[in-house]
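Reviewing the structure listed below.
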Amino acid sequence: MEGPVLLTGFMATGKSKVGRALARRMGWQFLDTDAMVETRAGKSIARIFAEDGEEAFRRLELECVVEASRQRHAVVALGGGAITQDGTRQAIRDAAGVLVCLQADEETILERVGRRGTRPLLAGLTREQQREKIRALLAERAPYYAVADITLSSTEAQGAEETAALLLRQLETWHAEG
Ligand code: S3P
């Protein structure tokens, strides 16, 4: 396989966990653009949003996406909103890798983000407001996620290892057919 595996999908669909498990199975490097942004800024994403605003976050995110997508043998977990940026979509095309979208249903997402509270886009909202926001963002982003080469759902029951194993088989089929 040549070219990176890029993982997109909404917040809390398991991109980092599945991506790390997939990278281990492939013997490839794992990169997480959220973690790269935090290292570069020297602070958490929540603090970047609070102190510098979403635009500043998106600029940093784009730099990290461009850098990560240049790696040939890497599995890259993209932040959930990265693909809405023109520059990210261009970087994905330039990478000539495989774009994978992980999906989870609204209830699962709500349950997972509620557990952690680290997502600034959903911070300070009641559970009902979070549900509304998730629904609106999912609708707005659906066309971007829809262009993925492979789409699969990550369910709690299945676990990250099993999802990664399933994804690896799909990647092999995809490459064989490509
Ligand atoms: C965001 C998703 C987050 C992070 C930031 C913004 C989004 O990443 O990049 O909070 O716009 O959906 P995850 O998808 O890893 O939660």
Side-chain angles (χ1 to χ4, degrees), residues 4-23 29-69 74-92 99-125 127 129-148 150-156 159-160 163-164 167:
V5 176
L6 304 160
L7 296 179
T8 185
F10 203 73
M11 286 175 250
T13 50
K15 299 181 293 289
S16 300
K17 278 191 185 161
V18 173
R20 193 171 283 111
L22 179 70
Q29 180 185 13
F30 172 69
L31 295 168
D32 182 322
T33 61
D34 283 345
M36 289 169 74
V37 166
E38 291 187 329
T39 303
R40 195 163 291 204
K43 55 186 171 186
S44 69
I45 290 175
R47 270 188 61 200
I48 303 171
F49 267 75
E51 294 170 10
D52 313 314
E54 180 169 350
E55 259 185 54
F57 167 76
R58 296 294 172 198
R59 273 196 299 276
L60 268 177
E61 177 177 55
L62 183 53
E63 285 173 26
C64 295
V65 168
V66 168
E67 189 184 314
S69 59
V75 175
V76 182
L78 302 167
I83 200 155
T84 62
Q85 301 203 66
D86 290 344
T88 293
R89 295 196 298 278
Q90 187 58 50
I92 291 170
L99 182 64
V100 175
C101 180
L102 291 187
Q103 279 183 336
D105 59 48
E106 192 184 293
E107 275 313 308
T108 307
I109 293 169
L110 189 62
E111 149 73 15
R112 289 182 187 162
V113 295
R115 251 187 260 156
R116 299 194 42 220
T118 51
R119 295 341 197 269
L121 289 175
L122 301 169
L125 303 178
R127 199 173 159 83
Q129 287 168 333
Q130 285 189 339
R131 184 192 302 279
E132 285 308 310
K133 180 89 183 203
I134 289 168
R135 200 169 285 170
L137 283 174
L138 275 171
E140 190 182 307
R141 294 175 177 180
Y144 299 114
Y145 295 142
V147 304
I150 295 172
T151 298
L152 86 167
S153 61
S154 69
T155 62
E156 203 80 344
T163 307
L167 178 52

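Quick caveat, the model's predicted, so the values are computed rather than measured. Numbers for residues simply follow the sequence, beginning at 1. Just so you know, ligand 1 is whichever comes first in the structure, and atom 1 is the first atom listed for that ligand.
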(message) Between T88 (side chain only) and A82 (backbone N and O only), is there a donor and an acceptor less than 3.5 Å apart?
(response) yes
(request) Before accepting this row, confirm whether a basic side-chain N of the pair E55/R58 lies closer than 4.0 Å to the acidic partner's carboxylate O. (result) no
(message) Strictly below 4.0 Å, N to O, side chains only: are R59 and D52 in salt-bridge contact?
(response) no
(message) For a 4.5 angstrom cut-off between non-hydrogen side-chain atoms, does L102 reach Y145?
(response) no
(request) Inspect the contact between R112 and E107 and indicate whether a charged nitrogen and a carboxylate oxygen are less than 4.0 angstrom apart. (result) no
(message) I'd like to know if K43 pairs up with E38 as an ion pair, taking the criterion as any Lys NZ or Arg NE/NH1/NH2 lying under 4.0 Å from an Asp or Glu carboxylate oxygen.
(response) no
(message) I'd like the residue list for ligand 1, meaning every protein residue with a non-hydrogen atom under 4.0 Å from the ligand.
(response) M11, K15, D34, I45, F57, R58, E61, G79, G80, G81, R119, P120, L121, R141
